[in-house]
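Reviewing the structure listed below.
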Amino acid sequence: MHDHHQDDVRFSSSSIRIHSPSSKEHSLLTNLKSCSKTFVSQLCNTRLSLTQMLESLRNRHTPPRSVRRPNLPTQMLNSVTQLMIGKSSPISLSLIQSTQLNWSSGSGDENVEIIRGLNSPLLCCASLSLTRPNESTQSVEGKDIVQQQKGHSVSRNAEERVLISEVLVRTKDGEELERKDLEMEALAALKACRANSALTIREVQEDVHRIIESGYFCSCTPVAVDTRDGIRLMFQVEPNQEFRGLVCENANVLPSKFIQEAFRDGFGKVINIKRLEEAITSINGWYMERGLFGIVSDIDTLSGGIVRLQVAEAEVNNISIRFLDRKTGEPTKGKTSPETILRQLTTKKGQVYSMLQGKRDVDTVLAMGIMEDVSIIPQPAGDTGKVDLIMNCVERPSGGFSAGGGISSGITSGPLSGLIGSFAYSHRNLFGRNQKLNVSLERGQIDSIFRINYTDPWIEGDDKRTSRSIMVQNSRTPGNLVHGNQPDNSSLTIGRVTAGIEYSRPFRPKWSGTAGLIFQHAGARDEQGNPIIKDFYSSPLTASGKTHDDTLLAKLESIYTGSGDRGSTMFAFNMEQGLPVLPEWLCFNRVTGRARKGIHIGPARFLFSLSGGHVVGNFSPHEAFVIGGTNSIRGYEEGAVGSGRSYVVGSGEMSFPVRGPVEGVIFTDYGTDLGSGSTVPGDPAGARLKPGSGYGYGLGVRVDSPLGPLRLEYAFNDQHAGRFHFGVGLRN
């Protein structure tokens, strides 16, 4: 068998058998043994040039006067063969027949007679088969090694032309091909070889290449026959087998349906190497598109037309964590438990390694917030064909103090009354398990918030990625959103003490859910800090009639985040139910929803948002839905449109790039309390003559920043009043 490997494809073909010679030919074939080796043998040089051979061929009826070489046929065949292949040709020839000529020559008393063959004596017959250029060759056995005659160049003789009278395509036995379509394919592949044309050996060699490259044949043998009408050139070909079946080995993740589709068109047809290469390319492309470490490693044709496809898939053998020093980059001991990192990875042992999946794992570890840099390095796991993954991690400082400031959206009067300062301590990696602890204090002229928050992003022992958050908070916020604009210019604040626990987990791609219990103790106080139960208009400030209301809330929330990019699709649904564990605890049900949709048209981006809610039951007046302000209806002060049991607010924006991180925006907002303002205990909106509905429109600029988009906008409302709005981040 002769094997040819081209890229990832191996073609196998059997060499043609040599018929047993007659007794008269025995002595001639004995001399030919030294040159008719297998196609991997080293073809020896010749002493005679192609010019002499061609000259002898043209004058065969008047041979030269003196030929003293008893093994002239061997030398002539060697010369033809060497000129056919050239010194650096990637094609290797195997002589399988001998030249049979009647060649008489003499000079004086010296006369050598060579046995004459049949009517169509063969000049030579060579079996061509593609082989690797660097394949080793063997030296010719025997003592008589023919040397090339000095002064004659093979490359020069290769340019000698011979007139060809006829070009045919035949089987390896010289018969006509049963399938005429294959004969036409072979003839169509020929470029130089035409009837009544003068050809060089190199041109014949190139056409042999073209027949092989057509993909339908596993071997091609050029045979030159001398006839009375001239030299007939036959290409003896051996077609590939018909495709009757497919065996795929070691393909664990490659879908069988994809393999069937890749080879479906060739079933029942003669195997075409080009189509096989296209199928291999499509399979390798399937692995590449998914970032999988997989490739077609070998393909072979078995008896009966069965194609065997071998696939190499690199499975993950082991995953290890290596911590690197932030400054030196050298390996060091990490503070994070390796199990905490490994449980975040979707890549597991035994899986075929995917670079895309590895990238997602890197992003997931970075999203933990405790790593400064993460990378994955695949390495071969010995000779097993598997890979070992090493994840290099550079840890961030685990905790520290911070200070900052901001603006409270609930304060609308005074140049500095809305400013707040903050001071916080945070630890990002408690116990080396990625657990978070945050203690913060925010303080302004009116409002203040003290909060302790503990979060475990992934509860140990849970396989659903459930997180747990425990929160304790004491806050004081302005009450002017619902109970503002008092004639005596007095102000009140709402104090809340809140404690709760929440559990969150993803339950579908891009969907997450939250469930929790929250207890709240809330009441109103005047400017001196004294508890009050009514405002200036005698509207109640609590639902129970006492100085404070107690509520135990059961919370359910579901969020769809889309792609997570700014302006992408988002949907959130929230429901809170007051549980009257004690008789004085409030009982009510509150439902809210928010939706956002972004559309790109050219350089412009359109963003549409809609939010709404409704409350049923006995609830505190200061918990009513507030309409109007920076995150509601622009052009109005905070809460100036109304407050009610129900509300709907819609907004439409068109933003466009201006320069660099700066964007321009045009917007319009509309909102209404759906006539529910009077159903709030004490009707605080009606007492303050709030319209209950309104719209605003305007324009502004936005600048991207590490804190999020910085928004500066100017809007007019439906009462023809204008107002500036400043905000950080996207609208709620």
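Start at 1 with the first residue, then count along the sequence. What you see below is based on every heavy atom in this structure, not just the backbone, and it leaves out hydrogens, waters and symmetry mates.
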Salt-bridge test for [X] and [Y]: reply yes if a basic N is under 4.0 Å from a carboxylate O, no otherwise.
| X | Y | value |
| --- | --- | --- |
| R343 | E460 | no |
| E372 | R326 | yes |
| D456 | R468 | yes |
| R605 | E653 | no |
| R396 | D373 | no |
| E502 | K555 | yes |
| E623 | R496 | yes |

Would you indicate whether the side-chain heavy atoms of [Y] and [X] approach each other to under 4.5 Å?
| X | Y | answer |
| --- | --- | --- |
| V665 | E663 | no |
| E638 | T630 | yes |
| T336 | N429 | yes |
| L366 | V374 | yes |
| I446 | T493 | yes |
| I627 | I633 | yes |
| V497 | Q473 | no |
| L610 | V649 | no |

Does [X] use its side chain to pair, donor to acceptor, with the backbone of [Y] at less than 3.5 Å?
| X | Y | value |
| --- | --- | --- |
| R702 | V662 | no |
| Q577 | F588 | yes |
| S676 | D673 | yes |
| N717 | G635 | yes |
| T542 | K546 | yes |
| E584 | S544 | no |
| K436 | R428 | yes |
| S354 | R290 | yes |
| R645 | A624 | no |

Rounded to the nearest 0.5 Å, how far does [atom2] of [Y] lie from [atom1] of [X]?
| X | Y | atom1 | atom2 | value |
| --- | --- | --- | --- | --- |
| M355 | R360 | CE | CZ | 12.0 Å |
| L492 | N530 | CG | CG | 12.5 Å |
| N631 | S609 | CG | OG | 10.0 Å |
| W511 | S558 | CH2 | OG | 4.5 Å |
| W286 | F258 | CH2 | CZ | 8.0 Å |
| N480 | S491 | CG | OG | 8.0 Å |

Scan I341, V394, N392 and name whichever one has a side chain to side chain contact (heavy atoms under 4.5 Å, CB included) with F323.
I341
On a heavy-atom basis, which atom in [X] and which in [Y] lie closest, and how many Å separate them?
| X | Y | value |
| --- | --- | --- |
| I494 | G479 | CG1-CA, 4.0 Å |
| K690 | G642 | CD-CA, 3.8 Å |
| A685 | S643 | CB-OG, 3.6 Å |
| L541 | A524 | CD1-CB, 3.6 Å |
| G628 | S632 | N-OG, 2.9 Å |
| G664 | V658 | N-CG2, 3.3 Å |

Pair [X], [Y]: side-chain N/O donor-acceptor within cut-off below 3.5 Å:
| X | Y | result |
| --- | --- | --- |
| D549 | S620 | yes |
| S539 | D683 | no |
| T514 | S504 | yes |
| T346 | D361 | yes |

Would R688 and Y537 count as a side chain to side chain contact (heavy atoms under 4.5 Å, CB included) here? Give the steps.
CA-CA 9 Å; R688 291 158 178 79; Y537 296 97; 3.6 Å; yes
Taking the six-membered ring for Trp, are Y425 and F423 closer than 6.0 Å centroid to centroid?
no
Can the ring centres of F625 and Y647 be said to be less than 6.0 Å apart?
yes
Step by step, work out the side chain to side chain contact (heavy atoms under 4.5 Å, CB included) result for K359 and V362.
CA-CA 5 Å; K359 182 180 183 301; V362 168; 5.5 Å; no
Give the intermediate values and the outcome of side chain to side chain contact (heavy atoms under 4.5 Å, CB included) for residues L579 and L553.
CA-CA 6 Å; L579 303 177; L553 293 174; over 6 Å; no
Hey, is [atom1] on [X] packed in by over 12 heavy atoms from elsewhere, all under 6.0 Å?
| X | atom1 | result |
| --- | --- | --- |
| R465 | CZ | yes |
| F431 | CZ | no |
| K348 | NZ | yes |

What orientation do F608 and F606 show, parallel under 30°, tilted 30 to 60°, or perpendicular over 60°?
parallel
Given Q344 and T364, is the side chain to side chain donor-acceptor pair (under 3.5 Å) satisfied, shown in steps?
CA-CA 7 Å; Q344 301 285 338; T364 300; over 6 Å; no
Between H521 and the options D550, T551, T498, N474, the side chain to side chain donor-acceptor pair (under 3.5 Å) test singles out D550
Could you point out which residue of R634, H725, R723 forms a side chain to side chain donor-acceptor pair (under 3.5 Å) with E713?
R634
Do N434 and T340 pass the side chain to side chain donor-acceptor pair (under 3.5 Å) test, and can you show the C-alpha distance, the side-chain angles, and the key distance before you say yes or no?
CA-CA 7 Å; N434 192 33; T340 301; over 6 Å; no
Tell me whether the guanidinium CZ or amine NZ of R590 lies under 6.0 angstrom from the six-membered ring centre of F619 and within 45° of its axis.
no
Working for ring pair (Phe, Tyr, Trp, His ring centres under 6.0 Å), residues Y695 and Y670:
CA-CA 4 Å; Y695 65 85; Y670 175 80; 7.2 Å; no
